[in-house]
2 protein chains.
Amino acid sequence: MPTINDVAKAAGVSPSTVSYVLSGRRPISAETRARVQAAIAELGFHPHAGARALASSKTNVIALVAPLRVDVNVPVIMQFATAVVTAARSYNHDVLLLTKDEGTAGLERVAHSTMVDALILMDLERDDLRIPALRKLKQPSVLIGLPADHTGIACVDLDFGAAARAALAHLAGHGHRRIGLVGPSPAVYKRQTTYADRFLTGFLEASVDLGLQTVTHPCEPGAEGVRSCMADLDAELSGLTALVVHNEEALRPLLDLLHATGRRVPEDVSIVAICPRDVATAMPVNLTSIDIPAHDVGTLAVETVMRLLDGRRVEYTRLLEPRLVERDSCREISASHR
Amino acid sequence: MPTINDVAKAAGVSPSTVSYVLSGRRPISAETRARVQAAIAELGFHPHAGARALASSKTNVIALVAPLRVDVNVPVIMQFATAVVTAARSYNHDVLLLTKDEGTAGLERVAHSTMVDALILMDLERDDLRIPALRKLKQPSVLIGLPADHTGIACVDLDFGAAARAALAHLAGHGHRRIGLVGPSPAVYKRQTTYADRFLTGFLEASVDLGLQTVTHPCEPGAEGVRSCMADLDAELSGLTALVVHNEEALRPLLDLLHATGRRVPEDVSIVAICPRDVATAMPVNLTSIDIPAHDVGTLAVETVMRLLDGRRVEYTRLLEPRLVERDSCREISASHR
DNA sequence: GCCCATCGTCGAAGCGCTTCGACGAAATTT
DNA sequence: AAATTTCGTCGAAGCGCTTCGACGATGGGC
């Protein structure tokens, strides 16, 4: 492995000059630069990351703390991770992958030992124990999610409250008045994963504002969970004409169930789903949906990290506006049902 | 951030002594050790990763190159990643996440700049361009998969050939003689992802050995893909009594299709699936399946890396034996069908 | 009782890079 | 024409750690 000294010798300059060619922090004449770059290319020189980190106190690595349990939302999480890695690379950074189950210790380890310049965390809970730990680090962090006390920490997420309101507004605009919410699994609520709460709150507020009759229920995974969720919804409010489904995994069994029980979508029941676009379009009925913009959120998180590292100002809470895409699962309610 | 010098002063010893306490590479008296450890704890000292890497030429980081495209097998990939990260942590290593689409450049970057001690690659293609690049690196690497020319590189994977044989043997043992293979999507074959080939080869060999009549077909994603795949299989070989499904995504639509066309599982058609356990058990019929042991494979990959780093011997090709778990989707063929 | 190995510790060198101050030369200002 | 600034480069210090050789103090073997 050639070092910067080897390059310097080959180019007939001092090591510091090579460094300045690399970093561009001081003016270097065009010919010197050319000679240095030629030497770099010829020797195949790559600066030693550790040495660089030691000398500059910058690692060009960011930590991504992801919930790597094999959980409900695996594909969505993957989309976030992909977006983060891709965006980080576009800023010449790499990504160190941490699991959530190391808890607070993982963060502290990588931060204190200066392995990373910044952290991005996913899957935040309402009173996430990692938040106070984060505040003590010298590295900045960005959250994908919106825990209770996030003052002073940058947060990025879809505006799930607005998403719920948009879903209801869309259905109300089609004349629906009796609407059920198929929520995430009880486990998600129990963990107080913040998006579930925010969605539910927005849903309840909007149903009051719009004068709707609504019922909400979490939904256990699997066909059986869907069956009992639907049973509960129907029991609590008869004559449902529309469903909002905030549970990716439930979509498929739900459509199966509706089909099996002779309720046609959208003729008898309209549906708005909150899920990634590709899930919405992979169903037997193309679902009108509000996308979970994992790519945008992940990219934005990285951009925010970079601003923070540059010492630029950031908006501490960025909630992305939901976009509802109309497909084939909603229909103007027929007069008979009004 | 306290340094090793601060610790040394606080404990009244030299920095090298602190280092030896940390590494255990030289004997240190119990009392000195205790004093040093107390100082470390009190100051909250964490060795600077860059400095350490520079001095020791070890980073305690391994690269994981994962196909982060949002692909068919997302949950499986996630399981691999989880296993790798967890196992790496148990050896006190961290994981740097690279995407496959950086191609060969990503590997070279992290290797040449000494960011990682070793690499683990997933989703290998038959003539993967990264293999020759890997050979030039000073860091060892372990592949999850089995490309064509892997001499001198450690490979770990499920023995897909044996899995195919096991599936057919199981069905043959139940009296089935006319069996179809629902394969991965054509895209997977086109990429020459090695497990698809190995499975297919094993399947064809076993069907000869067992004297079976078989047909095979790739299967496009979605209900439509499944429909046309089944149509092709039925057209090419009438009287199919069993299916081997090596396509996780197809399982659900396939069961729907069979149900819709009045072919009962397992009464009319038996099924063996190759998929993660939780997928097999999440279907309307609990499927007899051969597990994709992502956890074991990931863990083994990390163990192999560690052996390599220690300079210990490794087996260069480790193909895990498939385990077929009987559930409810296979049945002894009825006399009328024989 | 002497020699040699082992134990426990220290000091110093060095890993490969960045960055600061310095300095001659060239360009600009006065 | 002198004074000042800017440009382009160099040398050296230092980032925080590991590791090697050295060295006094013990302890065993004979």
Side-chain angles (χ1 to χ4, degrees), chain A residues 1-37 39-40 43-61 92 109-117 138 309, chain B residues 1-37 39-40 43-61 92 109-117 138 309:
Chain A
M1 288 282 91
T3 72
I4 201 172
N5 277 294
D6 301 328
V7 175
K9 277 174 201 151
V13 298
S14 78
S16 52
T17 300
V18 177
S19 179
Y20 288 123
V21 167
L22 251 26
S23 70
R25 291 183 172 285
R26 285 204 181 169
I28 298 287
S29 70
E31 45 178 339
T32 307
R33 195 180 320 130
R35 249 185 313 138
V36 169
Q37 271 156 353
I40 289 177
L43 298 178
F45 166 73
H46 291 252
H48 185 292
R52 198 167 233 197
L54 180 54
S56 68
S57 5
K58 282 183 187 178
T59 63
N60 275 32
V61 174
N92 199 30
R109 182 168 46 80
V110 299
H112 288 151
S113 60
T114 326
M115 298 182 78
V116 301
D117 294 337
K138 62 167 192 266
L309 290 176
Chain B
M1 289 283 91
T3 73
I4 202 172
N5 276 295
D6 301 328
V7 174
K9 276 174 202 153
V13 299
S14 79
S16 53
T17 301
V18 177
S19 178
Y20 287 124
V21 167
L22 252 24
S23 70
R25 290 183 174 284
R26 284 204 181 170
I28 297 288
S29 70
E31 45 178 338
T32 306
R33 195 181 320 130
R35 250 184 314 137
V36 169
Q37 270 155 354
I40 288 176
L43 298 178
F45 167 73
H46 291 252
H48 185 291
R52 200 167 232 196
L54 180 55
S56 68
S57 359
K58 283 183 186 180
T59 63
N60 274 33
V61 174
N92 197 31
R109 182 168 46 80
V110 300
H112 288 152
S113 60
T114 325
M115 298 182 77
V116 302
D117 294 337
K138 62 168 192 265
L309 290 176

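Naming convention: chains lettered A, B, ... in sequence-line order (proteins, then strands); numbering from 1 in each chain.
- Side-chain atoms of Thr17(B) and Ser14(B) include a donor-acceptor pair closer than 3.5 Å.
- In this structure, Leu54(A) atom CG and dG14(C) atom C1' are separated by 12 Å, rounded to whole Å.
- Residue Ser19(B) places at least one side-chain N or O closer than 4.0 Å to OP1 or OP2 of dT18(D).
- Rounding to whole angstrom units, CD of residue Glu31(A) and P of dC7(D) are separated by 17 Å.
- Nucleic acid contact for Ser56(B): sugar-phosphate only, since backbone atoms but no base atoms lie under 4.0 Å from a heavy atom of the residue.
- Residue Ser14(B) has no polar side-chain atom (N or O) positioned under 4.0 Å from OP1 or OP2 of dG11(C).
- Distance, Ile4(B) CD1 to dG11(C) P: 14 Å, rounded to whole Å.
- Atom-to-atom, CG of Leu22(B) to P of dT18(D) comes out at 6 Å; the value is rounded to the nearest Å.
- The backbone N or O of Asn92(B) sits less than 3.5 Å from a side-chain atom of Asn60(B), completing a donor-acceptor pair.
- The side chain of Ala55(A) approaches dT18(C) more closely than any other nucleotide in the set dT19(D), dT18(D), dT18(C).
- Looking at heavy atoms from C-beta onward, Thr114(A) lies out of side-chain contact with Ser57(A) at the 4.5 angstrom threshold.
- Residue Val13(B) is classed as a sugar-phosphate contact, given heavy-atom separations below 4.0 Å to backbone atoms only.
- Of the candidates dC10(C), dG16(C), dC7(C), the closest approach to any side-chain atom of Pro27(B) belongs to dC7(C).
- A donor N or O paired with an acceptor N or O is not found under 3.5 Å between the base of dG8(C) and the side-chain atoms of Thr32(B).
- If you check distances only, the side chain of Tyr20(B) does reach the base of dC20(D) with a donor-acceptor pair under 3.5 Å.
- Checking dT18(C), dG16(C), dC17(D) against every side-chain atom of Arg52(B), the shortest atom distance belongs to dC17(D).
- The base of dG8(C) does not come close enough to the side chain of Ser29(B) for any donor and acceptor atom to sit less than 3.5 Å apart.
- Here the C1' atom of nucleotide dC15(D) and the CE atom of Met1(B) are 15 Å apart, to the nearest Å.
- In this structure, Ser19(B) OG and Arg26(B) CZ are separated by 10.0 Å, a value rounded to the nearest 0.5 Å.
- Met1(A) and Asp6(A) get closest at one heavy-atom pair: O-OD2, 4.3 Å.
- With the nearest nucleotide of DNA chain C identified for both Ala51(B) and Arg35(B), Arg35(B) has the one nearer the 5' end.
- Side chains of Gln37(B) and Val21(B) form a contact here, defined as non-hydrogen atoms less than 4.5 Å apart.
- Look at NE2 on His48(A): it is 13 Å from C1' on dG16(D), rounded to the nearest Å.
- Here dG16(C) presents its C1' atom at 19 Å from NZ of Lys58(B), a figure rounded to the nearest Å.
- Using a 4.0 Å heavy-atom cutoff across all strands shown, Thr3(B) reaches sugar-phosphate atoms only and no base atom.
- Atom-to-atom, NZ of Lys9(A) to P of dG16(C) comes out at 11 Å; the value is rounded to the nearest Å.
- At a cut-off of 3.5 angstrom, the base of dT9(D) holds at least one donor-acceptor pair with the side chain of Arg26(A).
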